[in-house]
Every structure is written in C-alpha cells, then in structure tokens.
2 protein chains.
Amino acid sequence: MTLAEKAYDALRHDIIRGELAPGRPLRLSDLSERYDMGFSPLREALNRLQAERLVTAESLRGFRVAPLSLDELHDAVNVRIKVECDALRASIELGDDNWAAGIVSALYALNLQVGRTGPDADIWALEARHYAFHRALLAACNSPWTLEFFERLYAATERYRIPTLLAATHPAGRDVQAEHSALAEATLARDADKAMALLEGHYRKTENYLTSVFGMDKPNGLAAAG
Amino acid sequence: MTLAEKAYDALRHDIIRGELAPGRPLRLSDLSERYDMGFSPLREALNRLQAERLVTAESLRGFRVAPLSLDELHDAVNVRIKVECDALRASIELGDDNWAAGIVSALYALNLQVGRTGPDADIWALEARHYAFHRALLAACNSPWTLEFFERLYAATERYRIPTLLAATHPAGRDVQAEHSALAEATLARDADKAMALLEGHYRKTENYLTSVFGMDKPNGLAAAG
DNA sequence: GCAATAATTATTTTCGAAAATCTTTGGAAT
DNA sequence: ATTCCAAAGATTTTCGAAAATAATTATTGC
C-alpha cells in the first residue's frame, strides 16, 4: 500500500469520525507531522477527498474539512432514502440465496455487537457492522453506480451520527435492533414495498433524532460539531 | 488557476471527448509532455478523476482512462433516469419563475445551435447547450447531492455519445428537438408525471441507439471505442 | 492615532531528482 | 525449446527544496 493510499484512508477515517473537526483547516505541515509523510501523498489524498466532498479546497488557500449543516444532513438523508429504496427493490428482485445468507449473517453479527456492553463495547466495531448490514441489503442490486452513491451518502451522513454515538446519547423509546430485524425480515420475504417503507422510516427516525440533537445543542448550525 | 486545476480540466475534457481513448494508459511522462507541466499537478488531477471514476488506478502501476462497457452504459442510464426523474419532480414542485425562464432560455439556445449547419456547426457548442438544457430542468430541485450525481452520470454517459456525435451517425426517424420541446413544455406546465415519462423515454431512446451502434460495431464490447 | 504601504513570515504549489517498484530483456540451466 | 533468474530499463512514487502566493506584521506619512 502506497503512502498516498494510507494518507487517504487515515484522513477519511479521521474526518468521518470527527477527529478532524468540520471546517478545520488542513495544513500540509500539520498533516505531514500527524501522519509522518511528505506533502505529495497528502495532497493526492486531499484531492481524492475533495472529489468525494469530504474536504473543501480553495485555490492557493489550501484544504479544510468539509463543514456540516442541517440542510446538508436533510438533503443527504432524502437522497439516501431514494437511492437505497431503489437499490433495495432491485436487490429483492434479483437477489439469490447467497445474498439472503449475507443479510442473515450481517444481521447476526450486528446484533452480537449491539449486545456487548461494558469493556466489550466497541463503538467502531458496531459501526462497521451497521454499515455491513445496510450494505448487505443492497448487495444484489447489480448497479455499481447505485452502490457508489450509497457509499458516498453513507459516509456523508455518518459524520453527523458519530458525535452522538460517542456521547452515548441514545434516542429514547427507539428499538433500533427491532427496526433492523423487521427490515431484514421484510427483505428476505421479498416484500419490497414493506421493506422500502421500513428503510425510509429507519432513516427518518435517525434524521429526526440528529436534527433535534444538533438543533438544540448548536443554535447556529454545526460548524463546530465533532 | 493552478496547474493542478488546469490539468484536471484538460484531462477530464480529453477523456470525456474520447481524445484519450478508454483503457489507454496515462503515463506521467507522456502527460507531462502533452500538457506541459510536472508530475505533481498531473497526479493530483488523476487522483480527483479516479474518485470520479473517469480514470482507474492500480497501486504502483499507474493510471488508465476508465474503460467503457455496455453493462456500465446500461447501469448509468438506469440510475440517471431514477436520479433525474426524482430531481425533475422536485424542480417542478419547487421551481419559481426564474427557474422556468432558465429552461426557456436554455431550450432556445439549444435550438439555435441545432439549427446551425455547415461551417457554423459546432458539435461542442451543441453539447454544452444540451448539457445546459438538461441541467436547467433540474436546477430548482434544491438538492446538491442530486445535482452532483447528475453531473457524474452525465459525464459518464457523455463518453458513450461522443464517438457517435463525431461520426455524425444520427438515429433514423428520431426528432430529438421535438423531444426536448415536449419535455420543456410538460415541465413548464408542471405536469410532473408526463415530464418524467418523457425524460425516461428520451434517455431510453438514446440508450437503445447507442447500444445498437456499439453492439454492431464492436462485437467484443467497447474497449477500443473513441 | 490611523490608513496605506512595504517587509516579513507562513503556506501552498510546483519542480527535479532520488528511491522504490514493476517490466522487459538476455542468458544459463534443465 | 522452456523455465528460471539476474540485469537493465522504464515507470511510479516520494521527498526536499525552490517558486509563487497569501497572510501578517512593521513602517511610513498624514
């Protein structure tokens, strides 16, 4: 793996997890020290991330972590619902036993991790399995473009969820595990309309929760979140 | 404008227009001579284009122009129809007079260019206005993510159209101008269902035409197209 | 004191060479 | 003839310094 690839992975990781706060300037000299490499691989990584909208760039003025805003969260969630519902319908139509088995397996692994508390709790392992579950639902859609957009939107919305995950502020009266199970059940039963409705509801609930958290905490948007 | 930005524009331009053929290796020394700059700005541009799927990269083996395939064309057209139909419906719902005026203006400019033949014909000006027209239809959708995906898919499908545009092989019995007019009319009349149907039909016709052209010419896919 | 301007510093951007890696070529052994 | 290995060449990747630009500080003139 080249240094540029390592830089891309590390920067993406740190931006999505909020270790590099939204809006923060990404100075080459700082990054060079932080990641222990020269300017070239860092600039290459930053250019890739710019194309993915995780960093912004201004000519001759360097790079910044892309800012967050409630408007963007709302947009990302809405587009995500459209993209993922289409993909889910296609997957349900096209998916074979292997696809179904992948969903069962991903849900099982996710639930195992949800059940772990105390010293076994690992928020990042949980996040990885949450991603893997949602990815597994769409895996059979047979559309590389759709899957790419899913990845992009997942990363974009993930940035809003991380601060609340870290704060362990869980939404009251919500059983996310039950939502996942119902979603998997409807999908495996090939009930596309029901599965799509559950998927949309799942995301709307998360959006509402995040909106309320950020809307209360930061009256002036999310510029300093993370 | 920095050299890296110029490199990005020039490479994107040349890839989309097929001047750099699909699959062609993009060697730094060649590009350095072609665009008259050092490796650094070129590598930055290539990394951005990689994120946009216009070039492929393999670790320590450099970059290539992303290949074309009928499968990818089909996928891109399908996703494009979904994305643009959603955006069109939203635009029709949200668009104001300014949006409507933009459509009228873009259609007028497009038709002017369509009418130009002989020495006044300019395929690239035509292409720019075709893009501007379709972009104008969606301009009021109020969704940056949707518009970004539109741009990505437009670029992706554009690469398939260019060779046929250059060859001036026009589909028999198709009045594209009338399709655009009908689409604009339904949109301005706020008839979302009709406009979406026309938009889908517009793209399906193009897809069918391109599929037939490439399918006949190149039995083994599109590896050498452009 | 304050605005405008010059000098300084900080930062980005670019280059050219060095290092690392891959590919090709040529030769030796089987 | 074929396979294996080493040497040579080509190419990518990375670094460190130079150039260009932006931001900051100091200075001048009023």
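Reminder, nothing fancy here: chain letters follow the sequence lines and each chain counts from 1.
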Mutual orientation of the aromatic rings belonging to B:His134 and B:Tyr154 [parallel < 30°, tilted 30-60°, perpendicular > 60°]
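If you compare the ring of B:His134 with that of B:Tyr154, the planes turn out tilted.
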Could you label the plane-to-plane angle of the A:Trp124 and A:His13 rings as parallel, tilted or perpendicular, counting under 30° as parallel and over 60° as perpendicular?
tilted
Euclidean distance, atom [atom1] of residue [X] to atom [atom2] of [N] [Å, nearest integer]:
X	N	atom1	atom2	result
B:Met1	D:dA20	CE	C1'	17 Å
A:Leu3	D:dT12	CG	C1'	13 Å
A:Glu58	C:dT11	CD	P	16 Å
A:Glu5	C:dT21	CD	P	13 Å
A:Arg61	D:dA23	CZ	C1'	10 Å

By a strict heavy-atom criterion of less than 4.0 Å, which residues belonging to residues 24-43 of chain B are in contact with DNA chain D?
B:Leu26, B:Arg27, B:Leu28, B:Phe39, B:Arg43
Got a donor-acceptor contact below 3.5 angstrom from the A:Thr164 side chain to the A:Tyr160 backbone?
no
Go through the steps for B:Arg204 and B:Glu200 under the test salt bridge (charged side-chain N to carboxylate O under 4.0 Å, His left out), then give the verdict.
CA-CA 6 Å; B:Arg204 289 266 176 249; B:Glu200 170 158 10; 3.4 Å; yes
Would you say CG of B:Asp120 has more than 12 non-hydrogen atoms from neighbouring residues, nucleotides or ligands within 6.0 angstrom?
yes
Decide if atom CZ of B:Arg161 counts as having more than 12 heavy atoms of other residues, nucleotides or ligands within a radius under 6.0 Å.
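Check passes, neighbour count above 12.
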